[in-house]
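Take a look at the structure set out below.
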Amino acid sequence: MSQDGPLTGAALLELLSRPAPEVAPRLLGGLFGHRNGEGAVVLRITEVEAYGGPDGSDLPDPGAHTWRGRTARNASMFGPPGHVYVYFTYGMHHAVNLVCRPEGTAGGCLIRAGEVVEGAALARARRAAGRARPVPDAALARGPGNLAKALGIDLSHDGAPLAAAEDTAAPGFFLRPARPESGAPVGSGPRTGVSGAGGTPEFPWRWWLLGESSVSPYRPAVPRRRR
DNA sequence: GAGGCGATTGCCT
DNA sequence: GGCAATCGCCTCT
């Protein structure tokens, strides 16, 4: 994939090399897109969460998949920045993170929600699969599982590189962060669905654009009942 | 090798 | 608001 737009590629890598809680708010309002053989879907990011590293690291995060160290599943989170970490959960949902921090250190930003600004027809078709009712446009990419589905993302994309600008011909991912001076009102709070210490107000590592209908509702982690 | 559970979602009551 | 669906990964035996 064409990796380096002249200046933007370097700027993107510089941004993504920082700790995730620093990067995440900067992603709000930016564009994130994915193109494959079916076409491209592009989002304006409206909700993100930051995740850190393992116990004993310089950014320990008991709510992160990396908390117990590197495994085959989370290896991408320890990889170089400017790539994506895709995981599969609940037996049916995928979610996508942008890997942050230099290689060897773990961190990432979970893209939780966005407003579809390009490829809405394709996103609608993907989201409609297996459903009785149509999906409102504001909900096409509301929630990490829905967002991954709208973008056509699955485990085969884990570790894929991120380009700094959209190449309208090449398949793959691209990211265009928001301009730092864009002063849109932002909310922040505890991360959704994170259990244990990582879900406490001490980790207010979720950010969203206020007043956006595509932002997912907050849900605290619910301990699963035993059968 | 087995068992538990999850950075969720959508339907049902 | 409650809860089933569904399976790969992780932990423990």
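What you see below is based on every heavy atom in this structure, not just the backbone, and it leaves out hydrogens, waters and symmetry mates. Throughout, a chain's letter reflects where its sequence line sits, starting with A, and its residues are numbered from 1.
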Length of the OH-C1' vector between A:Y90 and B:dG10, whole Å: 14 Å

Is_stacked (A:F88, C:dG8) at 5.5 Å, 30 deg: no

Per A:R68 side chain, nearest of listed nucleotides C:dC10, B:dA7, C:dG8: C:dC10

Phosphate contact (B:dG10 OP1 or OP2) by A:N146 side-chain N/O below 4.0 Å: yes

No-H, no-angle donor-acceptor pair, A:Y87 side chain to B:dA7 base, under 3.5 Å: yes

Watson-Crick/G-U partner (both atom distances under 3.5 Å) of C:dT6: none

Lys NZ or Arg CZ of A:R35 over A:F174 ring: under 6.0 Å, within 45°: no

Watson-Crick or G-U counterpart of B:dT13, or none if no pair lies under 3.5 Å: none

Touch class at under 4.0 angstrom, heavy-atom based, for A:R206 against every strand present: nothing

Atom-to-atom span, CZ of A:R73 to C1' of B:dG6 - whole angstrom: 7 Å

P spacing across the pair B:dA7 / C:dG1, given as an integer number of angstrom: 23 Å

Candidates A:Y85, A:Y51, A:Y87 - the one meeting side chain to side chain donor-acceptor pair (under 3.5 Å) with A:H65: A:Y85

Transitive ILVMFWY side-chain link A:F78 to A:L59, under 4.5 Å: no

Interatomic distance, A:R127 CZ vs B:dC11 C1' [rounded to whole Å]: 14 Å

Spacing of A:D158 atom CG relative to C:dC9 atom C1', expressed in whole Å: 13 Å

B:dA7 pairs with, by Watson-Crick or G-U criteria that keep both distances under 3.5 Å: none

Phosphate OP1/OP2 of B:dG10 contacted by A:R131 side-chain N/O (<4.0 Å): yes

A:V135 vs A:G193, nearer the 5' end of DNA chain B by closest nucleotide: A:G193

Under-4.0 Å salt bridge between A:D158 and A:R73: no

Over 12 foreign heavy atoms within 6.0 Å of CZ, A:R131: yes

Atom-to-atom span, CH2 of A:W205 to P of B:dA7 - whole angstrom: 15 Å

Touch class at under 4.0 angstrom, heavy-atom based, for A:G198 against every strand present: nothing

Separation of atom CG in A:L140 from atom P in B:dG10, rounded to whole Å: 11 Å

Protein-nucleotide distance (A:M92, atom CE; B:dC11, atom P), rounded to Å: 13 Å

Between B:dG6 (C1') and A:Y85 (OH): distance, integer Å: 11 Å

A:H94-A:H157 aromatic ring centre distance below 6.0 Å: no

A:T89 side-chain proximity, nearest of B:dG6, C:dC10, B:dA7: B:dG6

Sugar-phosphate only, base, or nothing, as touched by A:R191 at under 4.0 Å among non-hydrogen atoms: nothing

Touch class at under 4.0 angstrom, heavy-atom based, for A:N97 against every strand present: base

